[in-house]
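Working notes, structure below.
Start at 1 and go down the list; that is how both ligands and their atoms are numbered.
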Amino acid sequence: MRSGRCKGSERCSFALLEGERMAIRKIRYIGDEILKKKCKPVVKMTQSTRGLIGDLFDTMYEAKGVGLAAPQVGILRRICVIDVMDENPIVLINPEIIETSGEQTDDEGCLSVPGKVAEVTRPAYVKVSSLDQDLNPVIYEGEGLRARCILHEMDHLDGILYGDRANEPYRDLEEEDLEEEEWDEN
Ligand code: ZN
């Protein structure tokens with residue numbers, strides 16, 4: 001769980017600094033054809049790609065998500081950001097699964113499918129190879145929610161929504177769950 005871990009300073013560079021202009025992008029919702037498309041690899045790190053990564057973090061935090069993939073803001077590139085609040089946030093660029101093991105079943109939600117949840121069974125552990133923001137190779141590992149989030153975001157890069165893998169149809173997020181969430185925020 002430590003390999004390829006981002007340094008603390010990287011979080012600062014993405015965190016919303018006071019007075020800094022936030023760049024929140026519009027999140028695409030289920031039904032938008034772009035969410036079904038396969039993304040292209042990143043071959044060069046440009047200013048606009050760096051800007052996109054910053055915007056993905058801003059947009060994810062603003063929407064109170066734990067992960068966001070570029071196609072969810074309409075960009076068909078193999079980039080996603082993850083922050084499950086247990087470790088430092090990570091950026092995955094051109095990620096590939098190296099290894100998975102075990103199994104976990106739990107409710108999952110998606111910023112592109114608002115107000116819905118469904119039960120999804122996924123591996124309990126995942127190891128991925130990726131590129132960092134300077135396009136150097138890195139290895140990330142995850143268990144539990146972190147593994148679930150990595151796999152969920154990587155699916156977006158291939159045009160797969162969690163509903164395609166779910167054990168049941170989407171169901172409404174129950175009112176008590178929403179109340180609980182609101183309560184947590186206070
Ligand atoms: Zn999603």
Legend entry - Flag for N94-S130: side-chain donor and acceptor within less than 3.5 Å: no
Legend entry - Residue and atom names of protein N/O/S atoms that fall under 2.8 Å from the Zn ion (ligand 1): C110 SG, H152 NE2, H156 NE2
Inset, instruction - Output the distance between atom CG (D132) and atom CG (L92), rounded to the nearest 0.5 Å. - result: 11.0 Å
Inset, instruction - Return the set of residues passing side chain to side chain donor-acceptor pair (under 3.5 Å) with Q104 (not counting sequence neighbours), or none when no residue passes. - result: none
Inset, instruction - Measure the spacing between CZ of R77 and CG of L157 and express it to the nearest 0.5 Å. - result: 12.0 Å
Show me the donor-acceptor pairs, under 3.5 Å and distance only, between side chains in residues 108-118 and residues at least two apart or in other chains.
from, atom 1, to, atom 2, distance (Å)
E108, OE1, R122, NE, 3.0
E108, OE1, R148, NH1, 2.4
E108, OE2, R122, NE, 3.2
E108, OE2, R122, NH2, 2.8
E108, OE2, H152, ND1, 2.7
S112, OG, R28, O, 2.8
S112, OG, Q72, NE2, 2.9
K116, NZ, D172, OD1, 2.5

Inset, instruction - For residues 157-168, pull every pair meeting salt bridge (charged side-chain N to carboxylate O under 4.0 Å, His left out), keeping only residues two or more places apart or in separate chains. - result: K38-D158, R78-D158, D155-R165, E168-R171
